[in-house]
> 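Below is one structure. I have some questions about it.
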Protein chains: 2
Amino acid sequence: MLFKAGDPFHAIYAIRRGCMKSVVTRKGGAEQVSAFYMVGELLGLDGMGRGRYDSSAVALEDTEVCVLPFSLIAQLAHERPSFQHRLYAVLSREISRNQNVMLLLGTMRAEERLAAFLLSLSSRFARRGHSPFELSLRMTRDDIGSYLGLTLETVSRLFGRFRNAGLLEVDQRIVRIRDYAGLKAVLSPDEALAD
Amino acid sequence: MLFKAGDPFHAIYAIRRGCMKSVVTRKGGAEQVSAFYMVGELLGLDGMGRGRYDSSAVALEDTEVCVLPFSLIAQLAHERPSFQHRLYAVLSREISRNQNVMLLLGTMRAEERLAAFLLSLSSRFARRGHSPFELSLRMTRDDIGSYLGLTLETVSRLFGRFRNAGLLEVDQRIVRIRDYAGLKAVLSPDEALAD
DNA sequence: CGAGATATTGACTAGGCTCAATTGAAGTGG
DNA sequence: CCACTTCAATTGAGCCTAGTCAATATCTCG
């Protein structure tokens, strides 16, 4: 665990190697995975508002991060307007990303959610130079379910259903996309999740 | 409509009078209300990332906004570090707020969602000097349902159920909270939504 | 007053959850 | 190296919550 909800905020982190998840907890105890982070992505942005992180960051495998102290960031932003703009953009894009997840949780059915999730992963893999068709998941079915607002059983069943439909090859946490177009078509008429 | 998803971004807006909603749309056409904004709150923050708004802002009644051109904001932030920090805080808090909504959509049952929504509204009303027990909703049942990931029929039924349970008095869009503690208790053991 | 939008209520259905059993994978220690 | 434990994943059966479809009621406003 890199930081816990409630910890005082003084840095954001960039993933250098590995993979992490971000978890938010309800007062009642229920918790939900709010994001997965891969190499090159930033986490901890939610801490700047109140000076405390309100999610916890947990590594899903051996992971190295780059610590970016907030004081340093603020200074850099002050000195270099272009850096300042980048920072705004990063924060704003995190808002957009979350809005997409809200859309997923609020309007999609289970199959659509998993398809959107896999397609999103696929494009992120591709952006990092990996094959967009061979996904190596680092998280459990439970994590995926939590992120998608489903139970782990439903996620497992959906993998089975997609496999039977010829869309995927599933071998534990290795998922191969065999019919990319077909997977996209699961998203109702014909759409894809940007990020 | 103040701005539409896709419009080029050049300003954020502060509500001076009235009430607005923010709507995101899926490529497939399905749409969802992603936030409601009251007096004093900021909207349009999601546009900074890509230079285009990715949600639409729609007024729910006669509304006046204060236009805050981004160029001006960036300049002020550069000149006054305290302003810069406030801006980060605002952006970050929007992220936190969205995470709470994701928690709501991902983990709560219908009753819990509506209770959380009403309690959140209640505290926002209180912060603006209104009674926390007399909520004047400006949005339709459909808007509420969309925001909470429910159908308008379910929202209507829940209002009825809460009324019968003595928690609320419901008169169209005027909702009076008659049993604040009871409403809080709907949130499983005993919790409340911060914002 | 009438038209259109909004809200309520009912009956039925279905998608995803719960509970439960089983299998499989991975790590531990003798 | 293999039994043993533990954790993760799969699969099944039955149920329940919220969605769908449909009929009315109520409000708002020209």
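Note on naming: letters A, B, ... go to the chains in the order of the sequence lines (proteins, then strands), and numbering restarts at 1 for each one.
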> Under 3.5 Å, is there a donor-acceptor pair linking the side chains of A:R173 and A:S136?
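No, A:S136 and A:R173 have no side-chain donor paired with an acceptor closer than 3.5 Å.
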
> Going only through I, L, V, M, F, W and Y residues with side-chain contacts under 4.5 Å, is there a path from B:L187 to B:L114?
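In one cluster: yes.
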
> Categorize A:T140 for me: base, sugar-phosphate, or nothing, with a 4.0 angstrom heavy-atom threshold over every strand shown.
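Sugar-phosphate only.
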
> Under 4.0 Å from any heavy atom of chain B: name the first and the last nucleotide of DNA chain C that qualifies, 5' to 3'.
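So the contact region on DNA chain C extends C:dT6 to C:dA11.
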
> Send over the distance from B:E61 CD to D:dT28 C1', rounded to a whole Å.
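These atoms are roughly 16 Å apart.
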
> Check whether any side-chain N or O of B:R128 sits under 3.5 Å from a backbone N or O of B:V39 as a donor-acceptor pair, and report yes or no.
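Yes: the side chain of B:R128 pairs with the backbone of B:V39.
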
> Without decimals, in angstroms, what is the distance between B:Q172 CD and D:dA25 P?
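Distance check: B:Q172 CD to D:dA25 P gives 15 Å.
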
> Taking NZ, NE, NH1 and NH2 as the nitrogens, is one of them in A:K21 or A:D143 under 4.0 Å from a carboxylate oxygen of the other?
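A salt bridge is present here (some side-chain N lies under 4.0 Å from a carboxylate O).
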
> Quick one: B:M139 CE to D:dC27 C1', roughly how many Å, whole number?
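So the CE-C1' distance, B:M139 to D:dC27, works out to 18 Å.
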
> Are B:F117 and B:L103 linked, directly or through other ILVMFWY residues, by side chains that come within less than 4.5 angstrom of each other?
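B:F117 and B:L103: separate clusters.
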
> Specify the closest pair of heavy atoms between B:Y147 and B:Q32, including all atoms of both residues, with the distance to one decimal.
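The answer is O-NE2, 3.9 Å.
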
> Indicate the atoms forming the closest heavy-atom contact of B:G166 with B:R178, along with that distance.
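Between these two residues, the closest heavy atoms are O-CB, 3.6 Å.
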
> May I ask you to say what A:R113 touches in the nucleic acid, namely base, sugar-phosphate or nothing, with a heavy-atom cut-off under 4.0 Å?
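No contact.
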
> Would you give a per-nucleotide map of nucleotides 15-22 of chain D, 5' to 3', where B means the base has a protein non-hydrogen atom under 4.0 Å away, S means only the sugar-phosphate does, and - means neither?
--SSSBB-

> Under the salt bridge (Lys or Arg N to Asp or Glu O under 4.0 Å) rule, what do B:R124 and B:E41 come out as? Steps first, then yes or no, please.
CA-CA 10 Å; B:R124 282 158 77 189; B:E41 298 175 336; 2.8 Å; yes

